[in-house]
Number of protein chains: 2
Amino acid sequence: MVNDPFRALSHPIRRGIVERLAAGPATVGEATTGFGVSKPAITKHLRVLEDTGVVRRVVEGRTHRLSLEPEVLSLAADWMDRQRALWRRLFDVVDEYLKEEAHR
Amino acid sequence: MVNDPFRALSHPIRRGIVERLAAGPATVGEATTGFGVSKPAITKHLRVLEDTGVVRRVVEGRTHRLSLEPEVLSLAADWMDRQRALWRRLFDVVDEYLKEEAHR
DNA sequence: GATATCGTTAACCCTATGGTTAACGATCCT
DNA sequence: AGGATCGTTAACCATAGGGTTAACGATATC
């Protein structure tokens, strides 16, 4: 509903589904069995993934084929990259400071 | 409580706080003003960030100094990297397939 | 046509989440 | 001591989140 990729990834089952789909498209059954919850629960998780644009669904007869739509996830990945770059810079600054300190 | 970095990042205000702290340590006031919510709301967001290990707090007199503790966020970043690598591989496979197809 | 299979929808439940106001604790400043 | 400032705690509220069972719709299979 809020189209937030981090929200989509905030539940381990949804991350699990994404992991499986990262290996290639799969039916709902293939992509979601073994998580230890009921089918309606799965349906809801899929709805979140679709609403946020992470997963696309194509109905093929009575099965539904899911595939990953990584553009939205890329937004999250890019955010993480930017943050990580800042952490690194922060580490470098601290490092530099400690070196300067050591010279006195 | 569940120590899940994605959960910590699933709210825009918490991501905002992380972004500010990525620029360097700051007091609660410095890191959290301007989000348009009350102070108790901020306190709760900070609690989530602390519980998940993303942020550390050192009390300095009446102010509290917050600093980023990126190890936990790195877990999330690493997960994103692994996934991204898989998407790329998936793209390559599809690319390869389309090329093969074109040769016929 | 009857039945099995894939997956969803409907209705419901409980807890977590995110917000508020009011009051407080602790420190700093005159 | 008295007041301003930083931030938290307490109590409460509304909604979202994640789960269930029961029933269904639509396709496939015998």
Side-chain angles (χ1 to χ4, degrees), chain A residues 1-21 24-69 72-73 76, chain B residues 1-21 24-69 72-73 76:
Chain A
M1 181 193 181
V2 274
N3 196 33
D4 185 336
F6 284 106
R7 183 184 163 256
L9 296 176
S10 71
H11 194 287
I13 289 185
R14 290 197 291 268
R15 287 201 295 277
I17 295 172
V18 168
E19 284 178 351
R20 294 202 189 162
L21 291 178
T27 66
V28 170
E30 293 164 355
T32 67
T33 50
F35 288 116
V37 295
S38 65
K39 286 189 292 181
I42 290 293
T43 296
K44 291 185 188 180
H45 285 304
L46 288 179
R47 182 164 177 73
V48 172
L49 290 170
E50 273 192 283
D51 285 350
T52 56
V54 168
V55 158
R56 196 171 46 164
R57 175 198 310 254
V58 176
V59 178
E60 292 178 348
R62 68 178 161 177
T63 72
H64 300 192
R65 180 145 303 259
L66 306 174
S67 54
L68 215 53
E69 200 87 59
V72 178
L73 285 182
Chain B
M1 182 192 180
V2 275
N3 198 32
D4 184 336
F6 284 106
R7 184 184 162 257
L9 296 177
S10 70
H11 195 287
I13 288 184
R14 291 197 289 270
R15 288 201 295 278
I17 295 171
V18 167
E19 284 178 351
R20 294 202 190 164
L21 291 178
T27 66
V28 171
E30 292 162 356
T32 68
T33 51
F35 287 117
V37 294
S38 66
K39 288 189 290 181
I42 290 293
T43 295
K44 292 185 186 178
H45 286 303
L46 287 178
R47 182 165 176 73
V48 172
L49 290 171
E50 273 192 282
D51 285 350
T52 56
V54 168
V55 157
R56 196 170 47 161
R57 175 197 310 253
V58 177
V59 178
E60 292 179 347
R62 69 179 159 175
T63 72
H64 299 193
R65 180 145 302 259
L66 306 175
S67 54
L68 216 54
E69 200 88 60
V72 178
L73 285 182

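Chain A is the first sequence line, chain B the second, and so forth, proteins listed ahead of strands; every chain is numbered from 1.
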Taking atom [atom2] of [N] as reference, at what distance in whole Å does atom [atom1] of [X] sit?
X	N	atom1	atom2	answer
B:Asp51	C:dT17	CG	P	10 Å
B:Asp4	D:dG18	CG	P	11 Å
A:Leu66	C:dC6	CG	P	14 Å
B:Phe35	D:dG7	CZ	P	14 Å
A:Ile13	D:dG17	CD1	C1'	12 Å
B:Arg7	D:dG17	CZ	P	13 Å

message = Mind checking if A:Arg65 touches a base, just sugar-phosphate, or nothing, with heavy atoms under 4.0 Å?
response = nothing
request  = Using a heavy-atom cut-off of under 4.0 Å over every strand shown, decide if B:Thr63 touches base, sugar-phosphate, or nothing.
outcome  = sugar-phosphate
query = Are B:Arg56 and B:Glu50 close enough, and set up right, to give a salt bridge (charged side-chain N to carboxylate O under 4.0 Å, His left out), and what steps lead you there?
reply = CA-CA 6 Å; B:Arg56 196 170 47 161; B:Glu50 273 192 282; over 6 Å; no
key: Heavy-atom side-chain contact between A:Leu21 and A:Val55 under 4.5 Å   = yes
Any protein N or O atoms within reach of nucleotides 27-30 of chain C? Criterion: under 3.5 Å, listing atom names and distances.
none

message = So, does A:Ser38 get its side chain near the phosphate of D:dT20, meaning an N or O under 4.0 Å from OP1 or OP2?
response = yes
inquiry  = For a quick test of reading the model: is some side-chain N or O of A:His45 closer than 4.0 Å to OP1 or OP2 of D:dG19?
reply    = yes
Under 3.5 Å, side chain of [X] to main-chain N/O of [Y], donor-acceptor pair present?
X	Y	answer
A:Arg15	A:Leu9	yes
B:Thr63	B:Val59	no
A:Arg14	A:Arg7	yes

Pairs under 3.5 Å (N/O, protein and nucleotides 8-12 of chain C):
residue, atom, partner, partner atom, Å
C:dT8, OP1, A:Arg57, NH1, 2.3
C:dT8, OP1, A:Arg57, NH2, 3.1
C:dT8, OP2, A:Thr43, OG1, 2.7

